[in-house]
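Each remark here refers to the structure printed beneath this line.
Atoms considered below: every heavy atom in the structure, side chains included; atoms not considered: hydrogens, waters and symmetry mates.
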Amino acid sequence: MSTTMRSQAITSLYNYPKFWAECYEPAPFLPMSRSEMDVLGWDACDIILITGDAYVDHPSFGMAIIGRLLEDQGFRVGIIAQPDWHSRDDFEVLGQPTLFFGITAGNMDSMINRYTADRKPRSDDAYTPGGQSGSRPDRCTLAYSQRVREAYADVPIVIGGIEASLRRIAHYDYWQDSVRRSILVDAQADILLYGNAERAIVELAHRLADGKLIKDITDIRGTAFLRTDTPEGYSEIDSTRIDRPGRIEARVNPYINAQEITDCEKERRNNAWLGLDENGNLLEEPGHAKLDRSKTVIRLPSFEKVRNDAILDAHASRVLHLETNPGNARALVQCHNGKDLWLNPPPIPLSMEEMDYIFDRPFARVPHPSYKAARIPAYEMIRFSVNIMRGCFGGCTFCSITEHEGRIIQNRSEDSIVREVEDIRDKVPGFTGVISDLGGPTANMYRIACKSKEIESACRRPSCVYPGICKNLNTDHSSLTQLYRKTRKLPGIKKVLIASGLRYDLAVEDTEYVKELVTHHVGGYLKIAPEHTEQGPLSKMMKPGIGSFDRFKELFEKYSKEANKKQYLIPYFIAAHPGTTDEDMLNLALWLKKNAFRADQVQAFYPSPMATATAMYRSGKNPLSRVTYKSDTVEAVKSPEQRTLHKAFLRYHDPKNWPLLRSALKEMGRADLIGERDHQLIPKQQPNSEKGYKSPRRKNSAGPHQKRTGSKYKGKKILTQHTGLPPRSTG
């Protein structure tokens, strides 16, 4: 490795010297056919991007952002969208690129896109014209890479996007119920880019254009590749085994407020088992000499070991997640069949100026004309929405935002956001004056960050808001409040709605923001996600207690009343999450009934690749704390029967679930909850007829004309993660 990660100079995205093809004007759409290339005057593409999604030239779609960014760097970029993978023909439609093929499954992992949490095939695909399923293969990245190799054996293959990002190391695959190798190994690609990857793709493209060989490019952050040696001068920490026994540490109370534990004590507890001193400096075993973090690599257990040992897999997950802060992460290495998979540290977050540069590209903001009048559901959902930031410091263990986008919030400027709102108003067909969302992975993390860059760079906490809001986190929402006020006052804008997931435990720290949101930006109902009421599962999710929900609900109702508006909270909950018992689900059902909430739709835990909760699911151990063979076990809900029961508790009001719930309550010794009284959960008898049964509405229903709550595509609404995410947290 010729340049160390920490000393590598960071070139701003807009400061690279342009490639020679900058002489061409920006394309109305990136070409998808030879005839479009001819119109543009191109004899070849420099880079061809292949995606499992339809090509929509909009900044919520990964290939549009990456393509337009590379176009502005002076490269000729073509798109192959949803090719027929049964032969290589569609992969040859644009010819051979002069530099490389870039391959992604699209805005979602292809297996999550295709299958439900119960492993059943979905009947639709929101990212396909007509919403039809079947337009992409399972394990999309692998299938596309294979066909490209058949067609052009010597052209470099670069893989990226959410599917590659979450499968960058050996990972548990829910659909096979086994551990698979890194997707880089299985795809036989040359390099993997993880995260949003703008920095990596631009740097890589320019180096290849300068004549560098892809096998020699090993120092770009946010990349993974195979190698057979450890670079000269590197020190290696062996973390291939479960932690050796040492001094017994007092267990941390998971419910204690973060401010009640000193930063030093928290850091010591986190770091001690990784060979770090109280200041977070790396130590060698003999003599405790300090190691240079920028020249240190941590060796994870090999693919073969984690495949055969679920607890060792949980240990590897813990090590990986502690190495996700760009300010202090080390390189990681994991052996696959005798070759080392090397992962460089995460990319440096983009500056506000760089974010503006990316989103100011000349997007057409509509699907490619070749789709004609075909409706693309994912586009319909986001065409009037604006992405204002990316990243999430919530750290929810079941959510993949942090693994993909990082926990440091990357913001756009107010001026850039306003320009996009005006573009929507002036250019997007069918606009009626309503911005459907102004948000991101979470609605209210815009311009919220650590008070100290030094502390932020050194921090190893997986969450800034669990078990309590960190004292170093600036919770001022004034920039977001100002943005709301400015955008809704723009000429031609009737209303600006907030549809992204709200982190309500953060929102209540700024009551002026809550008032602004409730008074002006709620479209009748607001979706939030407590996820559960019981501390057992909440502690495994790293979610706040239900008391935070109660506090927010009080403010929501207060400000709705002051505004003379009938508005309702729609809470979402997860069934069958690791750490959840049958009793936990029963208590949640009783809470729902007490509060007169009735869920139309139910979200079951989905073990997505690389998530901390997925490691809990497979191993029965908790990677949020030290993992040993004797450490406390985590309840893992795996059997179809128990998963069905947990979902039935969430829909306690549906007569179809009553027979199952009656049987379960009797087995649990809670037959006292079967009956007609208010405190009882379900009645003793089935209704005579269910013909007139209607999907129940929630508390204070707006009546028969109330719109359906919950979207058919919940979890697929990609407003900010332009390379895609599986079902996400809404805090």
Side-chain angles (χ1 to χ4, degrees), residues 384-386 388-389 414 417-418 421 432-440 442-448 465 469 473-530 533 544-573 591-592 594-599 697-710 730-731:
F384 303 135
S385 66
V386 179
I388 65 174
M389 44 75 71
E414 187 179 278
I417 295 165
V418 167
V421 171
T432 61
V434 178
I435 297 296
S436 60
D437 189 26
L438 199 69
T442 54
N444 59 315
M445 289 186 181
Y446 179 69
R447 302 191 74 168
I448 291 182
V465 290
I469 295 175
L473 184 68
N474 175 18
T475 60
D476 179 14
H477 287 60
S478 60
S479 294
L480 186 55
T481 301
Q482 178 178 312
L483 177 64
Y484 287 177
R485 291 170 178 167
K486 188 167 186 176
T487 53
R488 73 169 184 262
K489 291 179 180 178
L490 291 172
I493 302 302
K494 299 176 183 177
K495 196 170 186 65
V496 176
L497 300 176
I498 306 303
S500 306
L502 182 78
R503 189 79 196 197
Y504 56 82
D505 55 336
L506 189 63
V508 296
E509 297 296 312
D510 190 329
T511 55
E512 182 181 357
Y513 167 75
V514 177
K515 183 175 183 179
E516 189 77 17
L517 171 73
V518 173
T519 304
H520 299 287
H521 300 282
V522 175
Y525 61 90
L526 180 67
K527 299 175 187 177
I528 58 175
T533 58
I546 200 66
S548 294
F549 169 82
D550 292 336
R551 185 180 172 197
F552 180 78
K553 180 173 178 287
E554 181 181 342
L555 291 172
F556 182 88
E557 292 175 346
K558 173 186 174 183
Y559 294 131
S560 292
K561 184 176 181 181
E562 289 181 4
N564 196 28
K565 291 185 175 182
K566 291 183 178 180
Q567 302 181 144
Y568 313 100
L569 287 178
I570 308 301
Y572 283 115
F573 298 91
W591 183 92
L592 289 169
K594 179 181 177 182
N595 288 275
F597 284 121
R598 294 182 171 188
R697 301 304 182 188
R698 296 168 176 84
K699 185 177 182 182
N700 296 328
S701 170
H705 301 294
Q706 179 186 12
K707 67 164 69 176
R708 178 181 176 87
T709 52
T730 50

Could you check whether any side-chain heavy atom of Val522 comes within less than 4.5 Å of a side-chain heavy atom of Ile498, counting everything from C-beta outward?
no
Thr487 side, atom OG1; Gln482 side, atom CD - distance, nearest 0.5 Å:
10.5 Å
Just distance, no hydrogens or angles: give the donor-acceptor pairs under 3.5 Å from side chains in residues 489-497, sequence neighbours left out.
from	atom 1	to	atom 2	distance (Å)
Lys494	NZ	Thr432	O	3.3
Lys495	NZ	His520	O	3.3

Are any side-chain N or O atoms of Asn595 and backbone N or O atoms of Phe597, one a donor and one an acceptor, separated by less than 3.5 Å?
no
Measure the shortest side-chain to side-chain distance between Glu554 and Asp550 over non-hydrogen atoms and say whether it is less than 4.5 angstrom.
no
Which heavy atom of Glu414 sits nearest to which heavy atom of Tyr446, and what is that distance?
N-OH, 3.6 Å
Grab the two heavy atoms, one from Lys565 and one from Thr519, that are nearest each other, plus how far apart they are.
NZ-O, 2.6 Å
Residue pair Leu506 / Thr442, side-chain heavy-atom distance below 4.5 Å
no
Separation between CG of Leu569 and CZ of Phe556, rounded to the nearest 0.5 Å
4.5 Å
Can you check whether Asp510 reaches Thr475 side chain to side chain, under 4.5 Å on heavy atoms?
no
Do Arg488 and Glu516 have side chains that get closer than 4.5 Å, going by heavy atoms?
yes
Taking atom CG of Asp505 and atom CD1 of Ile469, what is their separation to the nearest 0.5 Å?
5.5 Å
Pair Lys553, Glu557 - check salt bridge (charged side-chain N to carboxylate O under 4.0 Å, His left out), show working.
CA-CA 6 Å; Lys553 180 173 178 287; Glu557 292 175 346; 2.9 Å; yes
Within the supplied structure, the quantity of interest is the number of heavy atoms (other residues, nucleotides, ligands) at a distance under 6.0 Å from Glu562 CD; does it exceed 12?
yes
May I ask you to test the Leu526-Phe552 pair for a side-chain heavy-atom distance under 4.5 Å?
yes
Among Tyr572, Phe573, Trp591, which residue satisfies the ring pair (Phe, Tyr, Trp, His ring centres under 6.0 Å) criterion with Phe549?
Trp591
Looking at Ile546 and Pro530, what are the two nearest heavy atoms and their distance?
CD1-CB, 3.9 Å
Closest approach of Ala443 to Ser500 (non-hydrogen atoms, all atoms of both residues)
CB-O, 3.7 Å
Less than 4.5 Å apart, any side-chain heavy atom of Ile417 and any of Leu438?
yes
Side chain to side chain donor-acceptor pair (under 3.5 Å) with Asn444: which of Arg503, Glu509, His477?
His477
Smallest separation among heavy atoms of Val514 and Leu555, with atom names
CG1-CB, 4.0 Å
Between His521 and Tyr484, what is the shortest heavy-atom contact and its length?
NE2-CB, 3.3 Å
